[in-house]
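Working notes, structure below.
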Amino acid sequence: MSDKPTTIKEIAKLLNISVSTVSRALNDHSSIGLITKMRVKKLAQELNYEPNQRAIQFLQGKSHTIGVILPELSESFFSAAITGIEDIAYKRNYTVLLAQSHDDAEREKLLVEKMKTQRVDGLLISVAKTTSTYEHFEALRKLNIPIVFFDRIPPIKNIHFVGSNLETGTFEAVNFLLKKGHRTIGMINGPTTLIACAERKNGYVRAMTSQRLKFDPSLVMSCDLSESGTIEAMETLLNHKRKPTAIVTFNDYVALFAMRYARNLGLKINEDLDFVSYANLPIINYMDHTPIASVEQFPYKQGKKAANILLDLLSKPKSESAAEQAYFNIVVESELIIGTDK
């Protein structure tokens, strides 16, 4: 017996019928009689015939594969997001091709190009923190390959995206600290290229001014989210003439770096210096000292919504022009989670 897979041509030859008849019979075409369908399907089963998926995909113009590019899969936030994406893709019979940019813009550009050559039907992406130009995304759009951004969204017009309402979350976080009596509050923000960083800053400013407190821009630090960048931001804040009594950090990893640095200086965490963070990741449950509160961004929900949008776009006829297209901009409300022992 040959190890090669059985073809439609072989079935047609054995039954002395045309290849097109076999194809129609296997696909239950109405033009083929019931007896012929039964003969074809019976022989196909006996010969362990499997449809040529590549040929089917070529005829359909689809690979039934979507690409996903994440900054770091090792981060719990993005692991939760990819779980949401895969759950939806599985239900809708799509395969996920996953890649990591490791927060490098050049690597991200290369990965987008590779996704294109792999003939993905669409792309889900959370952009790298160093991404500042967006021509690689425009190249996909010109090929009618839809893109849905999630969590980290670039500041460009006419895009589909799913994100968390970080301005509201930050407002709640800073207001929580103000109610605890803090008046000098620092912020370690991320790169200015990310829309999410502007949202964090806006929420911070709105919370401070709502209590008739003057906004001091020198208390809001931008950093590259690395440990060294966090330490540099902490050094600046702790040497500030208005030394903060509380600090809001970009995410739980930045909070970990910042608290470790403060502890090494002999400061008592959440006594001498309070911390509030973002993401509410499982990692905080394993810290010796946890932030007193964390802004939940619901990554699993973001991933599911982003995947549904992309697959809905792929189900639409491609004849629809860009001018006629509506852009999906979904905002998931964040929630401030207060530490249980606070």
Side-chain angles (χ1 to χ4, degrees), residues 1-68 82-98 112 114-125 139-148 150 158-160 162 303-328 330:
M1 183 178 288
S2 172
D3 290 332
K4 292 182 178 180
T6 302
T7 66
I8 287 180
K9 285 184 179 180
E10 291 168 339
I11 295 173
K13 185 177 180 180
L14 289 170
L15 293 176
N16 196 27
I17 56 178
S18 69
V19 171
S20 61
T21 298
V22 173
S23 178
R24 290 191 185 99
L26 290 170
N27 287 285
D28 285 318
H29 198 279
S30 59
S31 65
I32 306 301
L34 179 60
I35 293 176
T36 301
K37 286 181 183 178
M38 291 175 66
R39 288 178 63 215
V40 169
K41 290 182 179 181
K42 184 174 183 294
L43 183 58
Q45 185 176 13
E46 290 172 354
L47 297 176
N48 296 317
Y49 167 76
E50 291 289 343
N52 186 331
Q53 292 299 327
R54 287 193 176 184
I56 293 170
Q57 290 167 3
F58 178 79
L59 291 171
Q60 292 178 338
K62 289 185 177 182
S63 66
H64 287 279
T65 300
I66 57 173
V68 181
I82 192 62
T83 300
I85 291 167
E86 288 186 320
D87 284 352
I88 295 301
Y90 175 77
K91 287 179 182 177
R92 299 182 65 168
N93 296 314
Y94 269 79
T95 300
V96 174
L97 184 61
L98 179 63
V112 168
K114 287 184 178 293
M115 290 290 182
K116 184 176 71 174
T117 58
Q118 289 293 323
R119 301 179 65 87
V120 297
D121 294 335
L123 181 66
L124 294 167
I125 182 165
L140 287 189
R141 292 208 289 188
K142 288 179 179 178
L143 293 172
N144 291 320
I145 299 174
I147 307 171
V148 178
F150 68 97
N158 298 330
I159 59 173
H160 305 285
V162 176
K304 285 183 67 175
K305 287 182 178 293
N308 267 321
I309 289 171
L310 182 60
L311 297 180
D312 285 346
L313 290 170
L314 291 173
S315 68
K316 290 184 177 181
K318 290 190 175 182
S319 58
E320 187 176 308
S321 69
E324 297 171 325
Q325 188 179 53
Y327 289 93
F328 294 92
I330 306 299

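Both backbone and side-chain heavy atoms feed into the values below; hydrogens, waters and symmetry mates do not. The shown structure was predicted, so the numbers you read here are calculated from the model rather than taken from an experiment. Index from 1, following the sequence.
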*Which is it for I85 and L98 under the side chain to side chain contact (heavy atoms under 4.5 Å, CB included) test, yes or no, and what are the steps along the way?*
CA-CA 11 Å; I85 291 167; L98 179 63; over 6 Å; no

Nearest non-hydrogen partners of [X] and [Y], listed with the distance:
| X | Y | result |
| --- | --- | --- |
| A326 | H160 | O-CE1, 3.4 Å |
| L15 | R39 | CD2-NH2, 3.5 Å |
| A307 | L124 | CA-CD1, 4.0 Å |
| R141 | I147 | CG-CD1, 4.3 Å |
| G122 | I145 | CA-CG2, 3.8 Å |
| T65 | Y94 | N-CD2, 3.7 Å |

Evaluate the side-chain proximity of [Y] to [X]: yes if any heavy-atom separation is below 4.5 Å, no if none is.
| X | Y | answer |
| --- | --- | --- |
| F328 | V148 | no |
| Y90 | V96 | no |
| H64 | N93 | no |
| I17 | V40 | yes |
| D312 | R92 | yes |
| T7 | E10 | yes |

With rounding to the nearest 0.5 Å, note down the distance linking [atom1] in [X] to [atom2] in [Y].
| X | Y | atom1 | atom2 | answer |
| --- | --- | --- | --- | --- |
| D87 | K304 | CG | NZ | 7.0 Å |
| M38 | I32 | CE | CD1 | 15.0 Å |
| L310 | K305 | CG | NZ | 15.0 Å |
| K91 | N308 | NZ | CG | 8.5 Å |
| R119 | L97 | CZ | CG | 14.0 Å |
| I88 | I309 | CD1 | CD1 | 11.0 Å |

*Does D121 use its side chain to pair, donor to acceptor, with the backbone of I66 at less than 3.5 Å?*
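No.
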
*Within the side chain of Q45, is there an N or O that forms a donor-acceptor pair under 3.5 Å with the backbone of K42?*
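Not at all, since once roles are kept as given, no pair shorter than 3.5 Å links the two residues.
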
*asked:* Is there a side chain to side chain contact (heavy atoms under 4.5 Å, CB included) between K41 and D28? Walk through the geometry before answering.
replied: CA-CA 10 Å; K41 290 182 179 181; D28 285 318; 2.5 Å; yes

